[in-house]
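Notes follow the structure.
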Amino acid sequence: MMFSDNFHIVEKYNVNTQEHVSTIEMMPRRFTCLVDSAYLPDMESDMIIKLNKLFNYKQKHTTDYNYVFDKYLYIEHKDNNIMSYYCKNPIRFSTVEHPIVWNKFISEIGNDNILDFRTKIRSITNNHDAMEEVIMGMSYNSYGVVTQVSVWDGHYNFDVPENSFLTELYRLLTKRYDICKGVVSLLTDSTDIKLHLAFSYPEIFDNDDELFLNKTVKNTNIADGILDLLSREGGLELITNEQKDYIRSICVGQSTFELEYIIDVNGNIKDLYVHQCRLRQFEDLTVG
């Protein structure tokens with residue numbers, strides 16, 4: 001256990017090799033050592049300072065809120081060895097996109113290695129629609145150096161061939177944004193990107209038809225529907241039937257899943273991971 005309590009825990013598996021990759025634990029930042037030394041994890045003061053630079057960044061030139069409940073710390077680990085940290089602190093990209101503001105932003109968070117990410121973020125996002133691009137957070141290695149910048153946009157601008165795998169993924173994100181959100185991570189050491197698909201698991205349906213108003217549904221019902229949508233022959237075909245069966249097999253009880261694709265510059269898939277959420281807000285989803 002990385003934190004003082006088990007709040008949110010995800011198990012990450014490689015869908016192709018069916019091997020367990022890591023465990024990812026999450027806790028609101030205010031209940032971690034980054035704010036109060038009474039909480040876990042045990043962390044060197046130098047690392048606390050480095051991670052807090054992003055969390056403590058103040059946008060003096062905007063009227064945006066800076067909610068404490070928007071800030072989360074994730075720790076990815078395997079066999080008690082920490083692999084990475086992820087600091088979630090959403091910041092509207094438009095508020096830091098100006099070169100002068102961006103340079104100041106990078107200086108304040110102390111990671112010059114992503115100075116050129118301003119143009120990289122703009123190259124994959126679309127600023128010709130009503131959607132606000134958001135820097136969702138940043139991943140750090142065990143030395144406190146940024147390795148990934150995660151971005152959300154309602155309409156991405158992927159420069160890939162029309163018949164690429166990424167084109168079908170983009171079709172899902174734009175056509176079924178009600179059930180699926182995609183977050184793209186840009187890497188500091190690779191031209192590949194990570195595309196994380198997060199699915200909605202509502203506890204009730206709220207339809208106009210009174211027969212179905214507030215009808216309680218199980219996570220398993222939603223998971224089965226999503227897997228059918230992703231694997232349907234002649235449809236998106238974002239996963240194979242074999243991959244579908246494997247993903248379903250690890251979603252025991254009422255646990256849910258999300259997907260992480262590794263995609264090359266030509267829009268083709270290089271690897272696929274499934275994130276099985278087994279504990280959410282203290283609730284064990286693997287039972288029931």
| said: Regarding Ser231 and Glu237, do their side chains bring together a donor and an acceptor under 3.5 Å, going by distance alone? | reply: no
| field | Student check: side-chain heavy atoms of Phe158 and Ile263 closer than 4.5 Å | value | no
| Cation-pi check, Lys71 onto Phe55 ring (under 6.0 Å, within 45° of axis) | no
| request: Look up atom CD1 in Ile75 and atom CD1 in Ile9, then write down how far apart they are to the nearest 0.5 Å. | output: 11.5 Å
| request: Without swapping roles, check the side chain of Thr174 against the backbone of Arg171 for a donor-acceptor pair under 3.5 Å. | output: yes
| message | Is it the case that the side chain of Asp5 and the backbone of Phe7 share a donor-acceptor pair, with hydrogens and angles ignored and the cut-off at 3.5 Å? | response | no
| query | Is there side-chain contact between Ser150 and Ser185, with heavy atoms separated by less than 4.5 Å? | reply | yes
| task | Look at the side chain of Asp79 and the backbone N and O of Asn81, then say whether any donor-acceptor pair between them is shorter than 3.5 Å. | result | no
| task | Would you confirm whether the ring centroid of Tyr170 sits within less than 6.0 angstrom of the ring centroid of Tyr156? | result | no
| query | Are Arg176 and Asp178 close enough, and set up right, to give a salt bridge (charged side-chain N to carboxylate O under 4.0 Å, His left out), and what steps lead you there? | reply | CA-CA 5 Å; Arg176 292 310 309 265; Asp178 57 321; 2.9 Å; yes
| Does one side chain, of Lys181 or His196, offer a donor that lies under 3.5 Å from an acceptor on the other? | no
| said: Quick check against the 3.5 Å criterion: does Tyr57 have a side-chain atom that pairs as donor or acceptor with the backbone of Asn89? | reply: no
| task | For the pair Asn6 (side chain) and Phe282 (backbone), establish whether a donor and an acceptor sit closer than 3.5 Å, ignoring hydrogens and angles. | result | no
| said: Going by side chain to side chain donor-acceptor pair (under 3.5 Å), His275 matches just one of Glu11, Lys12, Glu260, Glu258. Which one? | reply: Glu260
| message | When you compare the side chain of Gln59 with that of Asp64, does any pair of heavy atoms fall below 4.5 Å? | response | yes
| query | Do Asn16 and Asp271 get their side chains close enough for a donor-acceptor pair, meaning under 3.5 Å? | reply | yes
| query | Side chains of Ile124 and Asn157: does their closest heavy-atom pair fall under 4.5 Å? | reply | no
| How about Phe165 and Tyr261: are their ring centres within less than 6.0 Å of each other? | yes
| task | Ignoring hydrogens and angles, tell me if any N or O in the side chain of Gln254 forms a donor-acceptor pair with the backbone of Leu285 under 3.5 Å. | result | no
| task | Report yes if the side chains of Leu195 and Val183 come closer than 4.5 Å at any heavy-atom pair, otherwise no. | result | no
| said: Are Asn241 and Glu233 packed together at the side-chain level, in the sense that at least one heavy-atom pair is separated by less than 4.5 angstrom? | reply: no
